[in-house]
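Right, one structure below, let's go through it.
Here is the naming used below: chain letters follow the sequence lines, and residue numbers restart at 1 for every chain. We use all heavy atoms of the structure for the numbers below, so side chains are in, but hydrogens, waters and symmetry mates are not.
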Protein chains: 2
Amino acid sequence: MSAARAAAAPAPPTARGRIDKRQAILSAAIEVFARDGYERAGVEAIAAEAGVAKPTIYNHLGGKENLYRAAMAEAAARSKTKVLAAVDGFPTTGEDLRAGLRTVARSLVDCHISPQGWALSRLLYTEAARFPEVYDEVQTEGGRQINEALAGRLARLGNAGVLRVPDPVLAARHFMALITGELAARTAMGTRELPEEELAGIIADGVETFLAAFGT
Amino acid sequence: MSAARAAAAPAPPTARGRIDKRQAILSAAIEVFARDGYERAGVEAIAAEAGVAKPTIYNHLGGKENLYRAAMAEAAARSKTKVLAAVDGFPTTGEDLRAGLRTVARSLVDCHISPQGWALSRLLYTEAARFPEVYDEVQTEGGRQINEALAGRLARLGNAGVLRVPDPVLAARHFMALITGELAARTAMGTRELPEEELAGIIADGVETFLAAFGT
DNA sequence: GCCTTCTTGAACTCATGAGTTCAAATTAGC
DNA sequence: GCTAATTTGAACTCATGAGTTCAAGAAGGC
């Protein structure tokens with residue numbers, strides 16, 4: 001019986017009993033939803049991916065809709081942590097500003113183009129009509145916080161006289177737009193690989209335009 | 001019989017026989033796919049919307065996948081026409097450049113945020129994994145052409161000395177990024193209305209940053 | 001060791017939706 | 001008008017997937 005399951009699931013022959021099933025289910029759900037989309041994703045497939053029986057999912061999370069909500073909350077939390085860490089690397093002084101901006105931009109882009117990052121964006125957009133609350137939660141709890149953090153760092157640089165940012169929030173939005181604006185189109189919303197050199201070029205170009213607009 | 005169909009379909013009591021069924025089917029398909037997504041859209045619903053019987057769809061277009069491809073090609077063609085017309089309004093002289101840029105930006109944004117525009121983007125992204133050829137066709141046939149047209153106009157302004165655009169293609173990309181970058185997030189990929197004043201603000205801000213970066 | 005609690009597998013039910021079939025009705029071409 | 005092609009409605013088939021049920025099995029607490 002265990003052997004049959006192990007053959008169907010990539011997961012190791014899971015220990016039985018109540019361990020960290022819930023976490024395993026959420027991780028598997030994120031992966032399968034990301035790969036197949038909400039509609040095409042099967043609860044059975046998620047169960048297999050998690051190395052768990054189907055009723056266990058219904059015990060823990062009640063149903064597909066609720067499972068989706070919980071999985072998205074988990075994914076959003078993970079993503080937010082990463083992005084805020086990336087913003088933390090923002091330069092605080094004008095010393096080698098161009099290089100500093102490129103480094104942060106690269107970190108931010110890496111968050112965006114990671115499989116997890118794309119999965120989150122794609123599902124948010126795709127299911128925005130069906131799950132508006134999920135969209136709002138991620139957007140307000142996540143997106144706004146990130147923008148605020150970025151704006152704060154830009155304001156510091158403005159204060160130090162190395163940038164001209166009368167409206168730091170706007171500058172933060174345009175920074176993100178210039179850096180990440182083309183990623184969706186270029187990678188087909190994360191379904192294509194982007195050559196390293198192309199990525200570096202996009203970032204360098206974005207930083208350049210940003211500096212042309214907001215530098216002193 | 002005709003009365004029963006008219007009750008189910010919003011379409012007028014269609015004349016029978018081989019008229020413009022195909023066009024009606026494609027228009028209905030665009031609408032239903034846009035509203036419900038590929039997976040949730042039902043062929044039966046499309047038939048009802050088109051005021052046509054289900055077998056007629058299979059006669060004309062063979063199946064759901066093919067119907068999707070044809071509908072997307074139609075939608076892309078319509079969209080491209082509109083966008084290229086918008087680019088045509090681009091200023092060619094430096095006279096009142098700011099106002100001219102805002103006007104074009106507004107036209108471009110209007111194409112983007114129209115229900116048809118969002119439908120196209122959303123479906124392209126959502127189904128990029130399942131229909132990569134559709135994505136490529138629209139992206140290369142449409143996106144590239146639009147970017148080229150925009151770059152051409154920017155190059156003229158550069159030549160006239162009112163803009164500093166060593167790389168017109170790059171400038172075109174950044175123009176679009178600054179103008180349309182936030183629209184997806186703000187409108188939840190077109191599922192929310194955006195207040196007119198907010199939209200005007202986004203455009204004005206985008207043009208301002210663009211001029212700061214590329215103006216003389 | 002024992003009892004409670006959770007997990008499992010397997011076989012269900014039930015709804016939905018793609019695609020087909022076909023005789024009857026309708027239309028277009030002439 | 002007459003004929004050939006097309007459209008229609010309605011009733012199919014068939015596959016898929018959500019959610020449930022239940023008896024048997026496996027931890028974990030004591």
Is there side-chain contact between B:Arg40 and B:Arg35, with at least one heavy-atom pair below 4.5 Å?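 No - every pair of side-chain heavy atoms lies 4.5 Å or more apart.
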
Side-chain heavy-atom pair A:Tyr38, B:Glu39 within 4.5 angstrom cut-off: no

Kindly point out which of D:dT21, D:dG9, D:dT7 is positioned nearest to the side chain of B:Asn59? D:dT7

Please check if atom CZ in A:Arg98 has more than 12 non-hydrogen atoms from other residues, nucleotides or ligands closer than 6.0 Å.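 Counting other residues, nucleotides and ligands, CZ of A:Arg98 stays at 12 neighbours or fewer.
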
Within a reach of under 6.0 Å around CD of B:Glu197, are more than 12 heavy atoms found that belong to other residues, nucleotides or ligands? no

In whole angstroms, how far is the [atom2] atom of [N] from the [atom1] atom of [X]?
X       : N      : atom1 : atom2 : result
A:Lys21 : D:dA26 : NZ    : C1'   : 10 Å
A:Ile57 : C:dG9  : CD1   : C1'   : 14 Å
B:Asp20 : C:dT27 : CG    : P     : 14 Å

Is the phosphate of C:dT8 approached by A:Thr56 (side-chain N or O, under 4.0 Å from OP1 or OP2)?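 Indeed, a polar side-chain atom of A:Thr56 lies that close.
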
Would you indicate, yes or no, if C:dC6 has its OP1 or OP2 atom less than 4.0 angstrom from a side-chain nitrogen or oxygen of A:His60? no

Looking only at side chains, do B:Arg173 and A:Thr209 share a donor and an acceptor under 3.5 Å apart?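 On atom types as modelled, these side chains do not qualify, holding no pair under 3.5 Å.
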
Salt bridge (Lys or Arg N to Asp or Glu O under 4.0 Å) involving B:Arg156 - partner list, sequence neighbours excluded: none

Strictly under 4.0 angstrom, non-hydrogen atoms only: write out the protein contact profile of nucleotides 12-18 of chain C, one letter per nucleotide from the 5' end, B, S or -. ------S

